[in-house]
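Step one of this worksheet: look at the structure below.
In this chain, residues are counted from 1 in sequence order.
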Amino acid sequence: MNALDLGSIPYHEHLTFVWIAFGSYGEPRAAFVIDGRDYANAGQARAAVREALERTDLRAQVADFRPVNIPENEKELSSWPSWAEFRCVLDVYGPVYPWRRRSASPAKAVPRPAPVTVNAPKAPLYSERWRYFDCWGQLVVTFPAGRGPEDPVLGRPAEGYGLNGYTGEFEADTPPALQCAHGFEDDETWPLHDEDDFVAAVEERREELLRTSFYQRHDKAEIFAAYEQAGPGQSRRATFEMWERVHRKRAYYLVGTEPVRVDLADDGTPATAWRLDTTTGRLVPTGRTDAGTVTGRRVTEHVWLLAVEDARRTLDVDGAIAEAYTKAAAEPDEVYRRRILTRSFDLWAEKFAGDEAGR
């Protein structure tokens with residue numbers, strides 16, 4: 001964790017949510033929340049926040065922390081462990097993420113292989129029925145050699161897909177997906193039992209994403225409502241298919257350096273383009289005609305999101321957004337910089353929602 005700057009926030013009047021870095025991509029995972037009302041004054045609350053962050057970072061890297069107003073976020077308390085609960089688990093488990101449920105024994109540990117290349121010889125991991133994995137913290141599905149689907153971002157058949165924890169999107173040929181597709185075993189590769197096990201694990205992470213990301217929760221309000229209404233033990237297949245429908249009807253592009261999202265009609269034809277207003281920072285919809293003219297490099301949602309934030313960084317901003325951009329500019333680690341910009345994307349969504357509510 002970089003030098004800790006808690007600013008001048010009255011932490012006894014806020015909830016402070018904390019994420020830890022997890023997996024080979026260092027993706028943020030919800031860790032715990034500190035309720036400032038548990039402390040008598042601002043000084044005690046600030047000291048408690050500092051102790052929690054510093055103590056956590058000794059065992060597991062703190063990815064991000066964020067103080068928020070209590071009234072708007074109090075309902076999230078029931079979904080997050082408290083610092084006291086997390087501290088007990090942290091003391092026992094150290095840097096291991098304690099809530100990940102293992103459904104099978106780990107693969108036999110072997111020395112780490114050389115980095116995977118697309119042309120590496122294929123050798124199925126375990127047997128062909130083991131197509132689903134938790135590999136270095138990423139949920140992965142692989143395909144038999146030569147039988148993967150044509151991926152629009154790659155422009156060729158994919159060998160496997162990995163779940164992006166920032167967007168809930170499956171991305172083709174991520175390093176963990178290629179590792180599993182090419183049969184490289186290590187002690188951080190866990191085969192999942194079957195497709196139902198995989199779907200349940202994916203939906204658990206996606207639900208966590210919607211609970212922690214303001215933008216994703218409001219962008220996919222129908223899916224979030226389905227999570228809220230789901231009963232204990234209910235199949236996750238319905239929400240899994242809802243995510244698939246959302247992803248089928250969106251395409252993301254970089255037109256030069258301009259990030260553009262295109263919404264697709266049921267028949268796959270372009271219906272609406274969303275372009276960035278470089279004055280206000282808003283994503284503005286245009287018509288079918290403009291959508292049909294979009295040509296550029298097809299990218300993942302996460303690459304598009306980061307390109308939006310790179311463009312917004314040139315705008316005149318203040319408050320938490322400006323602080324996030326300052327932190328990102330000073331961050332030498334690209335993985336951590338991307339985490340900061342992903343959070344600033346959320347801050348913009350909250351800003352626009354507040355502007356609308358104030359009208």
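Using modelled atom types, one side-chain atom of E331 and one backbone atom of D333 make a donor-acceptor pair closer than 3.5 Å. Between the side chain of T314 and the main chain of A311, a donor-acceptor pair closer than 3.5 Å is present. For T293 (side chain) and D290 (main-chain N/O), a donor-acceptor pair under 3.5 Å exists by modelled atom type. One N or O on the side chain of E150 and one on the backbone of R156 form a donor-acceptor pair closer than 3.5 Å. No donor-acceptor pair under 3.5 Å is formed between the side chain of R236 and the backbone N or O of A200. Here the side chain of Y161 pairs no donor or acceptor atom with the backbone of L139 at under 3.5 angstrom. D173 places a side-chain N or O within 3.5 Å of a backbone atom of G160 that can act as its donor or acceptor partner. In this structure, R206 contributes its side chain and G168 its backbone to a donor-acceptor pair below 3.5 Å. Judged by distance alone, the side chain of T286 and the main-chain N or O of A273 form a donor-acceptor pair under 3.5 Å. The closest donor-acceptor contact from the side chain of D134 to the backbone of W190 lies at 3.5 Å or more, if one exists at all.
In the model, Y227 has a side-chain atom that pairs as donor or acceptor with a side-chain atom of E203 under 3.5 Å. A donor atom on one side chain and an acceptor atom on the other are not found under 3.5 Å apart for E159 and T142.
Residues L178 and L154 fall into different hydrophobic clusters, defined by Ile, Leu, Val, Met, Phe, Trp and Tyr side chains chained together at heavy-atom separations under 4.5 Å. L254 and L341 fall within the same hydrophobic cluster, where Ile, Leu, Val, Met, Phe, Trp and Tyr residues are linked whenever their side-chain heavy atoms come under 4.5 Å apart, directly or through other members. Hydrophobic clustering, with ILVMFWY side chains joined whenever heavy atoms are under 4.5 angstrom apart, keeps L315 apart from I340. Two different hydrophobic clusters hold V294 and V299 under the rule that ILVMFWY side chains link at heavy-atom gaps under 4.5 Å. Under the 4.5 Å side-chain heavy-atom criterion for Ile, Leu, Val, Met, Phe, Trp and Tyr, I70 and L77 are members of the same hydrophobic cluster.
Looking at R205 and E208, no side-chain N of the basic residue comes within less than 4.0 Å of a carboxylate O on the acidic one, giving no salt bridge. Taking 4.0 Å as the cut-off between side-chain N and carboxylate O, E334 and R338 count as a salt-bridged pair. A salt bridge links R50 with E54: the distance from a Lys NZ or Arg NE/NH1/NH2 to an Asp or Glu carboxylate oxygen falls below 4.0 Å. A salt bridge between R211 and E228 is present, with a side-chain N of the basic residue lying under 4.0 Å from a carboxylate O of the acidic one. Using a cutoff of 4.0 Å between basic side-chain nitrogens and carboxylate oxygens, R250 and D219 are scored as salt-bridged. We find that D310 and R337 are joined by a salt bridge, their nearest charged nitrogen and carboxylate oxygen being less than 4.0 Å apart. Ion pairing between a basic and an acidic side chain is recognised when a charged N comes within 4.0 Å of a carboxylate O; R312 and D277 show no such pairing. Salt-bridge formation is detected for the pair E258/R275: a Lys NZ or Arg NE/NH1/NH2 atom is positioned less than 4.0 Å from an Asp or Glu carboxylate oxygen.
The line from OH of Y215 to CG of L209 is 11.0 Å long, rounded to the nearest 0.5 Å. Atoms CG and CD, on N69 and E13 in that order, are 9.5 Å from each other to the nearest 0.5 Å. Rounded to the nearest 0.5 angstrom, T300 OG1 and L306 CG are separated by 8.0 Å. Taken from NE2 in H302 to CD in E169, the straight-line distance is 10.5 Å, to the nearest 0.5 Å. Between the CD1 atom of I223 and the CZ atom of F240 there is a distance of 11.5 Å, given to the nearest 0.5 Å. If you take CH2 on W83 and CG on D35, they are separated by 15.0 Å, rounding to the nearest 0.5 Å.
Among V260, D263, V262, the one residue that satisfies the side-chain contact (heavy atoms from CB on, under 4.5 Å) test with W274 is D263.
In this structure, R343 forms no cation-pi arrangement with F214, as its terminal cationic atom is not both closer than 6.0 Å to the ring centre and no more than 45° off the ring axis. No cation-pi contact links R339 to Y166, judged by a cut-off of 6.0 Å to the six-membered ring centre and 45° from its axis.
F17 and W80 have perpendicular rings, their planes meeting at more than 60° on a 0 to 90° scale where under 30° would count as parallel. Classified by interplanar angle (parallel below 30°, tilted 30° to 60°, perpendicular above 60°), the ring pair Y325/W348 is tilted.
With sequence neighbours left out, the salt bridge (Lys or Arg N to Asp or Glu O under 4.0 Å) criterion links R237 to E195, D196.
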